[in-house]
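So the structure is just underneath, and the comments pick up after that.
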2 protein chains.
Amino acid sequence: MRLVVARCSVDYVGRLTAHLDPAVRLLMVKADGSVLVHADGGSYKPLNWMSPPCRLVESDERWTVENKAGERLVITLDEVLHDSTHDLGADPGLVKDGVEAHLQALLAEHVGTLGDGWTLVRREFPTPIGPVDLMCRDGGPEIVLDAPGDGPGELRADGAVVVAPAPVRSGYVAVEVKRRATIDAVEQLTRYLDYLNRDPLLAPVSGVLAAQSIAPQARTLAQTRGIRCVVLDYESLRGIEVDGTLF
Amino acid sequence: MRLVVARCSVDYVGRLTAHLDPAVRLLMVKADGSVLVHADGGSYKPLNWMSPPCRLVESDERWTVENKAGERLVITLDEVLHDSTHDLGADPGLVKDGVEAHLQALLAEHVGTLGDGWTLVRREFPTPIGPVDLMCRDGGPEIVLDAPGDGPGELRADGAVVVAPAPVRSGYVAVEVKRRATIDAVEQLTRYLDYLNRDPLLAPVSGVLAAQSIAPQARTLAQTRGIRCVVLDYESLRGIEVDGTLF
DNA sequence: TTGTTGATTTCGCAA
DNA sequence: TTGCGAAGTCAACAA
């Protein structure tokens with residue numbers, strides 16, 4: 001890896017046209033020939049860059065980086081303040097935990113958090129328009145009265161009376177799992193539900209949008225379509241796993 | 001900006017958990033305290049990082065970078081191979097051209113490219129579910145016969161006969177502008193059309209999806225919904241602007 | 001190769 | 001500040 005600190009101007013012509021007026025910046029040249037132009041602020045995104053595979057041609061005071069698609073990054077060097085090269089070697093790579101796949105796996109093992117008696121039919125339930133994250137069966141049509149003492153029935157721990165605790169038939173539920181649910185997630189789940197409900201062996205299939213956070217517009221759209229929204233707490237779900245206890 | 005090349009291991013605990021085994025990497029510390037960990041390959045995205053605002057605490061052989069949300073990046077240094085600091089100053093920033101806003105502005109000035117006699121009603125036409133990129137009126141209901149000589153009418157330059165060249169009422173058209181149109185753009189435009197067509201003062205409103213490139217699946221879905229697809233050429237649109245000539 | 005989806009997305013704009 | 005959509009999105013994975 002080569003590190004150059006220089007006063008420079010930069011021009012990119014490719015998918016768009018972009019220009020940087022002269023200033024002091026860090027130019028990072030990686031082993032694969034890719035180039036990053038960083039300022040002393042902002043986020044991890046460079047001001048300008050060229051991704052590999054690409055080719056760097058270095059003339060007197062001008063670097064030209066070009067890729068196969070003909071996109072071109074031209075760096076004009078006014079003054080070089082630092083120039084050093086370092087041998088880094090290959091990187092063992094990053095090990096991650098806690099992404100959406102994990103969230104789905106955790107929820108799959110604890111579909112009971114979505115409702116009493118819910119069971120998992122399968123993860124990645126296949127359809128021609130894509131896999132449904134989780135296909136579940138709910139606990140069946142319970143009729144819950146507001147207060148006990150209105151008649152026969154089973155008194156639950158939370159004080160509600162369950163009149164029909166043993167349902168005739170439990171219903172299918174398609175669950176869409178997201179870290180952050182947007183309107184797109186509602187559209188996607190809607191397409192799944194449209195498809196699934198054309199199958200008389202499955203219909204009626206209801207929908208649940210389960211996410212760590214749900215955009216207000218997504219929540220609104222879901223409501224108009226009868227889709228239930230559930231906010232997940234990753235730490236709680238993981239806590240269930242660790243402790244082996246519910247709630 | 002401080003540049004450190006060092007053999008190090010990295011742990012991030014925050015929105016997820018991530019770990020990097022010991023290897024030689026570049027550590028970039030920006031003026032705002034943000035830290036980037038780069039390998040000698042991959043894309044412009046660092047292996048690991050902490051975005052500003054955050055605070056770097058440097059002890060003997062351990063850097064701890066923490067932000068307000070309690071996310072933490074811990075870098076353990078085994079061996080420092082390079083350490084230099086540079087004063088870059090503020091950056092004048094990037095100037096871009098060719099993004100969607102530009103495309104929309106160009107098309108707004110030349111809605112005639114969508115059809116003869118088309119006029120712009122307004123850009124960013126407001127609806128409760130979001131702004132429609134361009135609201136237009138078309139040239140009215142022309143009835144075009146396949147061949148001349150079938151009756152009275154105006155003979156057009158292209159050989160077609162226009163029976164009703166002066167329309168009684170031109171129709172509204174909602175135009176969705178994208179650089180690259182996907183199925184999402186069709187869904188979005190469909191929502192707008194559903195809403196707009198509930199207004200008797202506007203209905204019937206037709207739809208146009210205008211983009212520099214249109215995904216095949218988006219084109220197919222648009223067709224089934226009666227939405228017209230138009231491929232835009234940025235250079236041509238800009239050329240119109242520069243030259244002042246159509247086509 | 002192409003398409004689809006997720007991302008510690010980041011970034012910019014507007015309410 | 002928050003929310004939402006675009007991005008030279010990038011990148012991983014499946015068809």
Side-chain angles (χ1 to χ4, degrees), chain A residues 10-18 34 36-37 42-52 54 65 67 69-73 93-94 96-104 124 126 128-131 133 176-185 188 211-220 234, chain B residues 10-18 34-37 41-52 54 65 67 69-73 93-94 96-104 124 126 129-131 133 176-185 188 211-213 215-218 220:
Chain A
V10 183
D11 284 283
Y12 165 76
V13 178
R15 277 165 278 187
L16 57 64
T17 300
S34 59
L36 284 62
V37 181
S43 70
Y44 68 65
K45 192 177 177 181
L47 290 167
N48 225 323
W49 71 93
M50 183 64 75
S51 302
C54 61
V65 197
N67 70 5
E71 300 173 34
R72 189 177 292 192
L73 185 72
L94 192 68
K96 285 186 187 181
D97 180 25
V99 289
E100 180 184 316
H102 248 290
L103 204 61
Q104 192 199 103
E124 304 289 344
I129 54 176
D133 286 341
E176 178 70 27
V177 182
K178 281 272 181 289
R179 288 207 327 112
R180 287 172 49 242
T182 65
I183 212 162
D184 294 340
Q188 189 179 356
Q212 286 180 290
S213 74
I214 300 175
Q217 291 199 349
R219 189 181 292 272
T220 304
Y234 181 76
Chain B
V10 183
D11 286 281
Y12 165 76
V13 178
R15 276 163 281 188
L16 56 65
T17 300
S34 60
V35 178
L36 283 62
V37 181
S43 66
Y44 67 63
K45 192 175 175 180
L47 291 166
N48 223 324
W49 71 93
M50 182 64 74
S51 302
C54 61
V65 196
N67 69 7
E71 299 172 35
R72 190 177 291 190
L73 185 72
L94 191 68
K96 284 186 187 180
D97 181 25
V99 289
E100 180 183 316
H102 224 88
L103 204 61
Q104 191 199 104
E124 304 289 344
I129 54 176
D133 286 341
E176 178 69 28
V177 182
K178 281 272 181 289
R179 287 207 327 110
R180 287 168 46 236
T182 65
I183 210 164
D184 294 341
Q188 190 180 352
Q212 285 181 290
S213 75
Q217 293 200 346
T220 304

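Letters A, B, ... mirror the listed sequences (proteins, then strands); counts begin at 1.
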*Is the backbone N or O of B:Val13 less than 3.5 Å from a side-chain atom of B:Thr17, with the two atoms forming a donor-acceptor pair by type?*
no
The side chain of [X] is closest to which nucleotide in this list: [options]?
X: B:Lys96; options: D:dG8, D:dC4, D:dT9; result: D:dG8
X: A:Glu71; options: D:dG8, D:dC4, D:dT9; result: D:dG8
X: A:Pro216; options: C:dT5, D:dG3, D:dA6; result: D:dG3

Separation of [X] atom [atom1] from [N] atom [atom2], in whole Å?
X: A:Gln188; N: C:dT5; atom1: CD; atom2: P; value: 6 Å
X: A:Leu73; N: D:dG8; atom1: CG; atom2: P; value: 14 Å
X: A:Trp49; N: D:dG8; atom1: CH2; atom2: C1'; value: 5 Å
X: A:Asn67; N: D:dG8; atom1: CG; atom2: C1'; value: 10 Å
X: A:Asn48; N: C:dT10; atom1: CG; atom2: P; value: 19 Å
X: A:Ile183; N: D:dA6; atom1: CD1; atom2: C1'; value: 16 Å
X: A:His102; N: C:dG6; atom1: NE2; atom2: C1'; value: 15 Å
X: B:Arg180; N: C:dT4; atom1: CZ; atom2: P; value: 11 Å

*Quick one: pull up CZ in B:Arg72 and CG in B:Asn67 and give me the separation to the nearest 0.5 Å.*
10.5 Å
Please determine if a side-chain N or O atom of [X] lies less than 4.0 Å away from the OP1 or OP2 oxygen of [N].
X: A:Thr182; N: D:dG5; value: no
X: A:Lys178; N: C:dG6; value: yes
X: A:Arg15; N: D:dC10; value: yes

_Give me the atom names and distance for the closest heavy-atom approach of B:Leu94 to A:Leu47._
CD2-O, 3.5 Å
